[in-house]
Amino acid sequence: MEPIKQVEGRAIPFGRKNVDTDVIVPSKWLKTITREGLGRGAFESLRQDPDNLFDSAEFKSSPILIAGDNFGCGSSREHAAWALLDLGITCVIAPSFSDIFSGNAFKNGILTVVLPQDQVDRLLEVAKTDPIAIDLETQTVTTPFQDRFSFEIDPFRKHCLLNGLDEVGLTLARDAAISTYEQKHRAELPWLAAGTGVAA
C-alpha cells in the first residue's frame with residue numbers, strides 16, 4: 001500500500017448523491033481475479049456518455065473525486081475500491097460515506113474525507129477550473145482561493161495511511177515482538193517445540 005501524505009491536483013466534480021457500488025463498478029467486473037484493469041470498469045455506465053467527466057481530457061487521471069452524500073452505498077464489494085485505485089483516484093471527498101465502502105477504501109489506501117455539504121459545494125465549484133490539495137498530516141483541504149477546510153479522521157487510520165500500512169504491513173511491523181513472544185513461549189512449553197503438542 002502506498003503512503004498518503006498529500007494529494008494534490010484536479011478533482012473530478014462528480015457530486016452525485018447515493019452512488020452505489022454497482023455504479024462504481026458493475027457486477028460483471030467481479031469475475032476477475034486481479035485488481036489490474038478494473039479501472040476500465042469504473043463508472044462504466046456513466047462513461048457510455050462521450051461527454052462524461054471521467055474520460056474528459058480535463059479530468060482524466062485526476063487523483064481526487066468529489067462526490068455527493070452517501071457515496072459507496074449498496075453491496076459490500078471491495079472491487080469498488082480497487083476500481084477507483086486503478087482509475088487513479090486516491091482520495092474521495094463527500095458529505096458522508098457508506099461504512100463498508102469507507103472501510104474497504106481505507107484498507108486499500110484510499111483516503112475518504114468527510115466535509116459538510118456547503119464545503120463540498122464550494123469544492124465542486126473550484127474543481128471545475130482549478131486544482132485542490134489535501135494534506136493528511138494537517139487534516140486540511142485547501143484551494144488556490146484561500147479556502148481551508150479541516151476534516152476529522154480516526155488516528156489509527158491516519159497512522160496507517162501516512163505510513164502505507166495495510167493489515168499485512170501492520171503485522172510485519174510487529175515482527176520483532178512476535179518473534180520474542182514465540183521464543184518465550186517455546187522456552188516455557190518445550191514439548192511444543194518438539195512438535196508433539198502433548199505435555200509429558
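For the numbers below, each heavy atom of this structure counts, side chains included, while hydrogens, waters and symmetry mates do not.
- Taking NZ of K158 as the start and CG of L111 as the end, the distance is 10.5 Å to the nearest 0.5 Å.
- When side chains are defined from C-beta on, C91 counts as touching V113, because their heavy atoms get closer than 4.5 Å.
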- request: Begin from the C-alpha positions of F156 and F106 and carry the test side chain to side chain contact (heavy atoms under 4.5 Å, CB included) through to its verdict.
  value: CA-CA 11 Å; F156 173 73; F106 156 65; 4.1 Å; yes

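- At a threshold of 4.5 Å between non-hydrogen side-chain atoms, the residues F71 and F101 count as touching.
- A continuous path of hydrophobic side-chain contacts links V92 to L53 [ILVMFWY only; heavy atoms under 4.5 Å].
- Both W29 and W82 are part of a single hydrophobic cluster, where members link through side-chain heavy atoms under 4.5 Å apart.
- Hydrophobic clustering keeps V114 apart from I64 (ILVMFWY residues linked when any side-chain heavy atoms are closer than 4.5 Å, directly or through intermediates).
- Salt-bridge annotation for K28 and E44: present, with a side-chain N of the basic residue lying under 4.0 Å from a carboxylate O of the acidic one.
- Side-chain contact check for D69 and S96: at least one donor-acceptor pair (N or O, by modelled atom type) lies under 3.5 Å.
- Ionic pairing of D55 and R47 is present here: one or more N-O contacts between side-chain nitrogen and carboxylate oxygen are shorter than 4.0 angstrom.
- Residues R157 and T112 bring no donor and acceptor atom of their side chains to less than 3.5 Å of each other.
- In the hydrophobic clustering of this structure, L85 groups with F97; members are Ile, Leu, Val, Met, Phe, Trp, Tyr whose side-chain heavy atoms approach within less than 4.5 Å, directly or through other members.
- Side-chain atoms of Q139 and D135 include no donor-acceptor pair closer than 3.5 Å.
- The side-chain heavy atoms of I110 and T90, taken from C-beta on, include no pair separated by under 4.5 Å.
- In this structure, the side chains of F145 and R122 come closer than 4.5 Å at one or more pairs of heavy atoms.
- Within the 3.5 Å criterion, the main-chain N or O of G37 finds a donor-acceptor partner in the side chain of D86.
- Contact annotation: the side chain of P13 approaches that of F59 to within less than 4.5 Å [non-hydrogen atoms, C-beta and beyond].
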task: Walk me through it: do K17 and N70 pass the test side chain to side chain contact (heavy atoms under 4.5 Å, CB included)?
output: CA-CA 6 Å; K17 297 180 180 181; N70 196 29; over 6 Å; no

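- Atom CD of E36 has 12 or fewer neighbouring heavy atoms from other residues, nucleotides or ligands inside a 6.0 Å radius.
- One hydrophobic cluster, built from ILVMFWY side chains closer than 4.5 Å, holds both L115 and L136.
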message: Is there a side chain to side chain contact (heavy atoms under 4.5 Å, CB included) between I134 and F151? Walk through the geometry before answering.
response: CA-CA 10 Å; I134 299 105; F151 62 89; 4.0 Å; yes

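- Salt-bridge formation is detected for the pair D22/R77: a Lys NZ or Arg NE/NH1/NH2 atom is positioned less than 4.0 Å from an Asp or Glu carboxylate oxygen.
- When all heavy atoms of A94 and G68 are compared, the pair lying nearest together is CB-O, 3.5 Å.
- Between the side chain of N163 and the backbone N or O of H159 there is at least one donor-acceptor pair closer than 3.5 Å.
- A distance-only check finds a donor-acceptor pair linking the side chain of K5 to the backbone of L162 [under 3.5 Å].
- Here the rule is side-chain contact (heavy atoms from CB on, under 4.5 Å) with I132, and of L123, T142, D147 only L123 fits it.
- Taken to the nearest 0.5 Å, the CE atom of M1 stands 8.0 Å off from the CG atom of N108.
- Considering all non-hydrogen atoms of both residues, N104 and E78 come closest at ND2-CA, 3.8 Å.
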- request: Test side chain to side chain contact (heavy atoms under 4.5 Å, CB included) on I12 and I66 and set out the steps.
  value: CA-CA 6 Å; I12 303 169; I66 305 176; over 6 Å; no

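- The distance from the CD1 atom of I24 to the SG atom of C73 is 8.0 Å, given to the nearest 0.5 Å.
- Here OG of S61 is found 7.5 Å from CG of L87. Values are rounded to the nearest 0.5 Å.
- Between V23 and F43 there is a side-chain heavy-atom pair separated by less than 4.5 Å.
- If you check the side chains of T21 and S75, you find a donor sitting under 3.5 Å from an acceptor.
- Summarising the geometry, atom CD1 belonging to I89 is positioned 4.5 Å from atom CG belonging to L65; distances are rounded to the nearest 0.5 Å.
- When atom types are taken as modelled, the side chain of S102 and the backbone of D99 share no donor-acceptor pair closer than 3.5 angstrom.
- N52 and D49 are not linked by any side-chain donor-acceptor pair at a separation below 3.5 angstrom, with hydrogens and angles left out of the test.
- Atom CG of residue D130 and atom OG1 of residue T143 lie 8.0 Å apart, to the nearest 0.5 angstrom.
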